[in-house]
There are 2 protein chains.
Amino acid sequence: MKVAEPTVERLVQYYRLLGQLHEEGRRVVSSQQIGEMLGIKASQVRKDLSYFGEIGKRGVGYHVDRLYEHVMTILSPPRVWRIALAGVGHLGAALLGHTAFKSEKFHMEALFDVDPEKAGREILGVPCYPFEDMAAVMGEKKIEVLILSVPAAAAQACVDKAVESGTVRGILTFAPTTVVVPEGLLVYSVDISVELEKLLFYLKEKEER
Amino acid sequence: MKVAEPTVERLVQYYRLLGQLHEEGRRVVSSQQIGEMLGIKASQVRKDLSYFGEIGKRGVGYHVDRLYEHVMTILSPPRVWRIALAGVGHLGAALLGHTAFKSEKFHMEALFDVDPEKAGREILGVPCYPFEDMAAVMGEKKIEVLILSVPAAAAQACVDKAVESGTVRGILTFAPTTVVVPEGLLVYSVDISVELEKLLFYLKEKEER
DNA sequence: TTTTGTGAAGTTTTTCACAGCG
DNA sequence: CGCTGTGAAAAACTTCACAAAA
């Protein structure tokens, strides 16, 4: 069965919320309540959850722990992803410390940077290699996912190295630019400027009305 | 006229691309070419651009400089936004140095942090205030946009301060959590974990097929 | 009675396909 | 002739509304 992208996005939100509810010792939650907490319509919540089988109890709601496990198995592959990060600048360093990568679902195998001060050393316990060795090191270490926090001008070159490695299958890029990839390589982009411009656009629109 | 969100997102991409083409001295570009460079269908490009009047030349394409100016006036309000940033950790520091905020379209008026080491000092030329003073300082400085790079647990409290200030109208949050805001306040979220999970979900899906 | 699960309706967004203009 | 601008068709996504289960 194919799952739509907006649904996956919401599933991640459900997952996080359920983790919190679980912590709080909450036993049961309704689609209505989930919706209120996340700003999503209850009918949308139910539709999203129903794609993966009947998991709720009519007249009662969803059992928090059961739903939590359920959503987890949908989202998380039961394995550890081998990842690497290119560009150990401010943003790269921030990402290294970010909650998102603290999970045991990932293992950060390598860092890459042009700066010869950084390459050759270990940073936060992860070995850092020079940019030139990217393709070779990623191939050797069988890196599957590359996190890109390099300047826009360097992004495409890094993507090319990832393609060259032969093992990288997905890229999460923070570079404020569009990169071109061959069919089959998945790229997701977190683009700060784009989100900021969208916000300003709608603020301006509201102002004008 | 109302513009759909996906259109605004693409407009930002067109704008960036046109900036590059302009630098390169390119004079004319077709919807087909724009589409290829950004991974968007040519018909989509034409539809997006046509919402704002006839700007291309049939049989020729779009005049780069003219289109660049045109998209700029659609996106950028002709004024400077007064912004502040809460949470001067690794991510906050990275954002302070990010291209997105280097534009003369913004003026970073204040920083906020709970750490007493940081509050009271200037960081990169911007005064940093303690968390408790957020609402008051933002009100005084007439901050319109708040950038949130605090831990998930602190996000809602910051949003509440922003509401209290009375001047903040938009928030760009990087906290990996959902925040609740009153009607009228615009929130955009850049959620690293969500993008990462989406990427893994589709990688896993491809693996299974 | 309460709340799920879900077809069907509605809305939004994308794509097609071609007339029309330079 | 080539490429835009745009109605009309298609696809994607959301919301409604209600039957059915606990």
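Just so we're on the same page: letters track the sequence lines, and every chain starts at 1.
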Are the side chain of [X] and the backbone N or O of [Y] linked by a donor-acceptor pair below 3.5 Å?
X	Y	answer
S30(B)	G61(B)	no
K206(A)	G184(B)	yes
Y51(B)	A4(B)	no

R27(A) CZ: over 12 foreign heavy atoms closer than 6.0 Å = no
Using whole Å, report how far [atom1] of [X] lies from [atom2] of [N].
X	N	atom1	atom2	answer
I55(A)	dG5(C)	CD1	C1'	13 Å
E54(B)	dA19(C)	CD	C1'	13 Å
Y14(A)	dT4(C)	OH	P	12 Å
Q44(B)	dA10(D)	CD	P	18 Å
K57(A)	dG5(C)	NZ	P	10 Å
E5(B)	dC13(D)	CD	P	14 Å
R46(B)	dG2(D)	CZ	C1'	11 Å
K47(B)	dA10(D)	NZ	C1'	12 Å

key: DNA chain D contacts made by residues 26-39 of chain B, counting heavy atoms under 4.0 Å   = S30(B), S31(B)
inquiry  = Which residues in residues 177-201 of chain B have a heavy atom closer than 4.0 Å to any atom of DNA chain D?
reply    = none
inquiry  = For a quick test of reading the model, state the closest non-hydrogen atom pair linking V126(B) to M108(B) and the distance between them.
reply    = CG1-O, 3.8 Å
inquiry  = Is the ring pair F101(B)/F106(B) parallel, tilted or perpendicular, if the boundaries are 30 and 60 degrees?
reply    = tilted
request  = Return the orientation label for the Y202(B) and Y188(A) ring planes: parallel under 30°, perpendicular over 60°, tilted otherwise.
outcome  = parallel
remark   = From the candidates dT6(C), dC16(D), dC16(C), the one with an atom nearest any side-chain atom of S50(A) is dT6(C)
key: Y62(B) side-chain N/O to dG5(D) phosphate OP1/OP2 under 4.0 Å   = yes
ask   = So, is R10(A) near the phosphate of dT14(D), with a side-chain N or O under 4.0 Å from OP1 or OP2?
value = yes
task = May I ask you to say what L49(B) touches in the nucleic acid, namely base, sugar-phosphate or nothing, with a heavy-atom cut-off under 4.0 Å?
result = nothing
message = Just so I know, are the side chains of L49(A) and S31(A) near enough to count as touching, which here means a heavy-atom distance under 4.5 Å?
response = no
ask   = On a plain distance test, is the side chain of R58(A) in donor-acceptor contact with the base of dT4(C) below 3.5 Å?
value = yes
ask   = Any Lys/Arg nitrogen of E207(B) or R79(A) sitting under 4.0 Å from an Asp/Glu carboxylate oxygen of the other?
value = yes
